[in-house]
2 protein chains.
Amino acid sequence: MATLDDIAKMAGVSATTVSRVINNYGSLSEKTKAKVFAAMRELNYQPNSLARSLKGKKTQLIGVILPGVGNPFFGQMVQEIEDQLFKKGYRIILCNAGDDSEKERDYLRMLMANRVDGIISGSHNLGIEEYQKVGLPIISFDRYLSNNIPIVSSDNFQGGRLAAQTLMMSGSKMMEIITGANRPNSPTSNRLKGFKEILGKNDVEFNTSEIDFSSSPIIKSLKIKEILSNKKVDGIFCTDDLTALLVMQQAKDLGISIPEDLKLIGYDGTNFIQNYHPELTTIMQPIADIVTMMIDLLLKRIDDPDCKLESNYTLPVKLITGATTI
Amino acid sequence: MATLDDIAKMAGVSATTVSRVINNYGSLSEKTKAKVFAAMRELNYQPNSLARSLKGKKTQLIGVILPGVGNPFFGQMVQEIEDQLFKKGYRIILCNAGDDSEKERDYLRMLMANRVDGIISGSHNLGIEEYQKVGLPIISFDRYLSNNIPIVSSDNFQGGRLAAQTLMMSGSKMMEIITGANRPNSPTSNRLKGFKEILGKNDVEFNTSEIDFSSSPIIKSLKIKEILSNKKVDGIFCTDDLTALLVMQQAKDLGISIPEDLKLIGYDGTNFIQNYHPELTTIMQPIADIVTMMIDLLLKRIDDPDCKLESNYTLPVKLITGATTI
DNA sequence: CTGAAAGCGCTAACAG
DNA sequence: CTGTTAGCGCTTTCAG
C-alpha cells in the first residue's frame, strides 16, 4: 500500500508538501497541488490513519457496546448511531456484550488499546468496575455505569404510568406486569414503579412476574402460558414488545381473544413493531432523539473532557395506540 | 494515557524489556516480569494498538459492510459475525451502507485508511468499481462484487424450487411470487428462477410482482393489497420473510384466511421469525454456517493474500414448515 | 537475560 | 510557497 513518501517521490516534492495538500493546510501553488493529486490518484493512495492518530490526532472511532444487535430494538439503535456518527465523520466499532461481563471487560480494554475517541454503552451487565478507570469519554444508555458517566434514557417512570392508565381506560380490572429480572438500577424497575404508582392510586389489583430478559423465547412462552392459564388476568403490561408478541401468540393458542378477553400493552415501539405489528399498543421510546442526545454529549466530552454534564438526561415517551387495548 | 516508556521507567527497565513481557517473547527473569506487570497494573496500561500496527502488525480489525442492521436478517448476521470474530481476536467496524452507493464508497476508503485486515461485504448497491482496487482481502455475501472476490451464499436456486414444491404440495393452483427488484446478479433472481423452473415443469400458473426491497412497509402493503384484491391467487411466495408478514397482515384485513384461502411461504428463516412467527412456513438460510464460511475464507486470505479460492461457495437451505402452508 | 538504536507513516514546528 | 527535522508509541535487529 502506497505511503505518503511514495507519492512525494512520484510528485517530486517533499513529504511535508504532500501532507499539506492532504490536509489542505498552508498555501500551495496550484501546480504542486495538481501534481500531488495526480500521484495520489495514480497510486490509489489512502493516508494511513493509524500513523495520523499516533501523531496525536483523534481516531474518529467510537466504541458502541450493547447487549446485541439481533434484537430489533438495539438493531435500530445501532443503525441510528451509525447513521448519525457517519455524518459527523466517525466510524463505529461494534461490541455485542450479550450477557457476558467478561466479554464486556475485554472489549473495554480493546477499545482503550484502539484509542477510540469515545464510547457509547448500553449493556445489560452490571458491576463492571472497569468503567471507572477507562479514562475515555463515555455516555450510557439507560444504565448506571459509574459516577460521572451521564445516562441518557427515555422516561421509564412516565412510560409505566402511561401503560397503567391505558390499560385502566380500556377496562381491565385484574392486571399482570411481565418484566425482565429487576436488577437494581435497571430501567425496567422504573417502568414497574410508574405502573404500580397509578394502580396503587386507583386500587387496581395486579400481579408481577419476572422473566429474565436473556432467557429464550421458548422459556418465556412457557411462563407466559402459565400466567395466562392459571389466572383470570384481563390486562397485561410487558416491559418490552417482543414479550408482548409472545403473549399474543400464547393467547391465541389458548383461545383467549385480544382485546376482547385480554388487553395488552408493550414497551419500546421500534420501527419494526410499528411496521409489522401495528396492532400492538405500546410505549414508544424516542430512539432517534436518544441517540442524538448521546452523540451530542459524547462529542462535547471528546471536545472538552472536563466539561460538566448532568448525570441524567430523560426524554419523553409516547403512547402508540393499537388494537390490543381498544 | 500511560505509554510503554512510562512503565519502563516505573519498573526501572528498558522499553525493549517491557515490550518483551507484553508479547511474552524471549527469555525474561521472573523478577523483571513481576516488576513490569506491577507497573502495568498500577498505571492501568493498555498497549497502543495504533503504534503496534504501524510497525507492520495486523490491526485485528475487520470491516463489515451490509445494507443495515435494523433488518433482523442482517442484525442476526452481524451478531454472528461479531461473535465468531471476537473469539478469534478480531473486532469489527460496522458499516451500514443502506442503499447509498456513495456512502459505501466512503466506507471503503475509510476502511483502507484504517488499515483493516479484511472486509466482509453484503451490500445491496451495485456497480461499486472501487472493490476492484481496494487491495485488501474481501469476502462477499450473496453478491458479485468483482472478479477474485469469493461469494458465499445459500442455495437460492434450490430455495426457490423448495418454495414452489411446498406451495404445490399444499394445493395452490394460482401462484404469485413477490420479489425485490431483480437487478442482475441479485440472489433473489435465482430464487425466482428456481421457483419458475418447478412451476414450469408442472404447468402451474403464476404471476411475478416486483416490490423494491428498500421501499417502506406502507408502500409494500399497498401493493400487496392490490395483489390480494385483484386476483384470485391462492399461493404466495415472498422472497423475504418480512414481506410475508405484510401479506399476512393484509390478508387478515381483507378477510382472507391463511392457510384456508391462501398458502404462504417466506424466505430467510431468521431466529427472529422462528421465535416470533413460527406459523410462517419459510426457507431458512443457514446464517451461522454462512458466517463461519466467510470468516474462514477471509482469514485464509489474510494469512496468505495470494491463496486461491473458489469464486462461489453455496450452502444448503432448509424448509421450515409452519401453519401457513398446511 | 537485557539494552540501544532504527524506523513504521505521518504531522508540526522551524527555517528559508 | 516549500523543505528539514524531530518525534508520536511501539517492535525489532543487533549487541552485549
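The figures that follow rest on heavy atoms only: side chains count, while hydrogens, waters and symmetry mates do not. Below, read A as the first sequence line, B as the second, and so on, with proteins coming before strands; counting in each chain starts at 1.
A donor N or O paired with an acceptor N or O is not found under 3.5 Å between the base of C:dA4 and the side-chain atoms of B:Ser14. In this model, no side-chain donor or acceptor of A:Ser19 finds a partner on the base of C:dA12 within 3.5 Å. The base of D:dT2 does not come close enough to the side chain of A:Ser27 for any donor and acceptor atom to sit less than 3.5 Å apart.
The side chain of B:Asn23 lies closest to D:dT11, out of D:dG3, D:dT11, C:dC1. Listed candidates were C:dC8, C:dC10, D:dC10. Nearest to the side chain of B:Leu54 is C:dC8. Side-chain proximity of B:Pro47 to C:dC10, D:dC10, D:dT2: nearest is D:dC10. With C:dC10, C:dA12, D:dC10 as the candidates, the nucleotide lying closest to the side chain of B:Tyr45 is D:dC10.
Using a 4.0 Å cut-off between charged nitrogen and carboxylate oxygen, B:Arg105 and B:Glu129 count as a salt-bridge pair. With respect to the salt-bridge test (charged N to carboxylate O, under 4.0 angstrom), the residues A:Lys300 and A:Asp304 do not qualify. A:Arg109 has a carboxylate O that lies under 4.0 Å from a charged side-chain N of A:Asp106, or vice versa, which qualifies the two as a salt bridge. Using a cut-off of 4.0 Å between Lys/Arg side-chain N and Asp/Glu carboxylate O, A:Lys9 and A:Asp5 are scored as not salt-bridged.
Going from atom CG of A:Leu50 over to atom P of D:dG7 covers 22 Å, rounded to whole Å.
Here B:Thr32 lies in heavy-atom contact (under 4.0 Å) with sugar-phosphate atoms only. Heavy atoms of B:Ser29 sit under 4.0 angstrom from primed sugar atoms or phosphate atoms, though from no base atom. At a threshold of 4.0 angstrom between heavy atoms, the contacts of B:Ser49 with the nucleic acid are absent. A:Val18 comes within 4.0 angstrom of no nucleic acid atom, judged by non-hydrogen atoms across all strands. Residue A:Thr16 is in base contact, counting any heavy-atom pair closer than 4.0 Å across all strands shown.
In this structure, B:Met293 CE and B:Thr314 OG1 are separated by 10.5 Å, a value rounded to the nearest 0.5 Å.
Nearest-nucleotide positions on DNA chain D place B:Lys55 closer to the 5' end than the other of B:Lys55 and B:Arg20.
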